[in-house]
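Quick note on labels: first sequence line is chain A, next is B, and so on, each numbered from 1.
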Amino acid sequence: EAGVAQSPRYKIIEKRQSVAFWCNPISGHATLYWYQQILGQGPKLLIQFQNNGVVDDSQLPKDRFSAERLKGVDSTLKIQPAKLEDSAVYLCASSPRRQAASADTQYFGPGTRLTVL
Amino acid sequence: AQSVTQLDSQVPVFEEAPVELRCNYSSSVSVYLFWYVQYPNQGLQLLLKYLSGSTLVKGINGFEAEFNKSQTSFHLRKPSVHISDTAEYFCAVTGHSKQGAQKLVFGQGTRLTINP
């Protein structure tokens with residue numbers, strides 16, 4: 001079974017530029033998550049999709065971050081314009097939709113390391 | 001809301017020694033608890049999770065954790081570590097929910113370094 005795929009693996013941009021990250025979840029997984037992991041910290045949930053609908057985006061800085069999951073499969077996270085404090089690893093995860101969703105195991109991709117100069 | 005505190009940011013141990021990584025959580029509702037491991041330049045991988053039942057949970061790679069409700073703890077243990085266990089370990093908590101949301105809250109991580 002193929003895992004969660006993410007691209008690119010690394011990205012270096014200057015502040016005020018825009019950037020986009022792509023994620024392809026495990027086939028058949030209905031739920032998709034985007035996390036931000038700042039160096040030395042645990043991952044922080046940015047947004048959660050159930051199929052192609054947003055379940056939780058309460059911690060997404062909506063003035064500069066946007067995400068979409070067209071057709072309920074792969075997803076794109078965009079930052080426009082980027083700030084220095086956006087330097088982090090952006091992790092995508094997916095999980096199967098079960099009745100007790102909060103007990104699900106999340107499967108993580110390798111992440112995209114973003115450096116903003 | 002839930003929160004997680006991992007009491008040690010770094011834990012160095014010698015190979016074949018036992019190890020305990022400490023995790024305390026705070027929540028006003030019943031919780032599910034998880035331990036994830038992150039190897040260098042990789043995503044997170046589930047080690048084990050506590051949902052209900054026996055408070056001693058066994059996971060992959062010889063790890064186990066014990067849920068202690070009175071002390072609000074979920075410490076991770078391994079009786080004998082290997083060089084390959086060198087990684088970052090994250091404790092995470094989520095409240096029970098029958099809806100579509102699983103809002104995992106992660107601790108800040110504990111870096112486990114195994115010395116030969």
### Message
Counting heavy-atom pairs closer than 4.5 Å to chain B, which one of A:Arg9, A:Gln106, A:Lys44 comes out on top?
### Response
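The candidate making the most pairs under 4.5 Å is A:Gln106.
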
### Most contacts with chain B, counted as non-hydrogen pairs under 4.5 angstrom, among A:Pro43, A:Gly111, A:Cys92
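Among A:Pro43, A:Gly111, A:Cys92, the one with the most close pairs to chain B is A:Pro43.
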
### Query
So which residues of residues 67-83 of chain B are in contact with chain A at a heavy-atom cut-off of under 4.5 Å?
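Residues in range: none.
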
### Task
Verify salt bridge (Lys or Arg N to Asp or Glu O under 4.0 Å) between A:Asp86 and A:Arg64, making sure each step is shown before the conclusion.
CA-CA 10 Å; A:Asp86 298 331; A:Arg64 298 185 300 107; 2.5 Å; yes

### Task
Take A:Thr115 and A:Lys11 through the test side chain to side chain donor-acceptor pair (under 3.5 Å) and record every step on the way to the result.
CA-CA 6 Å; A:Thr115 302; A:Lys11 189 74 176 178; over 6 Å; no

### Message
My understanding is that only one of A:Thr112, A:Thr76, A:Asp74 makes a side chain to side chain donor-acceptor pair (under 3.5 Å) with A:Trp22; could you say which?
### Response
A:Asp74

### Region of A:Tyr10 that comes under 4.5 Å of a non-hydrogen atom in chain B
side chain

### B:Asp8 with B:Arg111: basic N within carboxylate O range, under 4.0 Å
no

### Summary
Looking only at B:Phe90, B:Phe34, B:Phe106, B:Tyr50, the option with the highest number of non-hydrogen pairs under 4.5 Å against chain A is B:Phe106

### Summary
Here the pair of heavy atoms bringing A:Cys23 nearest to A:Trp34 is CB-CZ2, 3.5 Å

### Task
Check whether B:Leu46 gets within reach of chain A through its side chain, its backbone, both or neither, counting any heavy atom under 4.5 Å.
side chain

#### Entry: Toward chain A, the part of B:Gln6 with a non-hydrogen atom under 4.5 Å
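Neither; nothing under 4.5 Å.
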
### Query
Do we see a donor-acceptor contact under 3.5 Å between the side chains of B:Gln38 and A:Gln37?
yes

### Query
Just by distance, with hydrogens left out, do B:Gln2 and B:Tyr25 show a side-chain donor and acceptor under 3.5 Å apart?
no

#### Entry: Within the 6.0 Å centroid threshold, strictly below: A:Tyr35 and A:Phe108
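Yes, the ring centres sit under 6.0 Å apart.
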
### Message
I'd like to check A:Phe21 versus A:Ser75 (side-chain heavy atoms, cut-off strictly below 4.5 Å). Are they in contact?
### Response
no

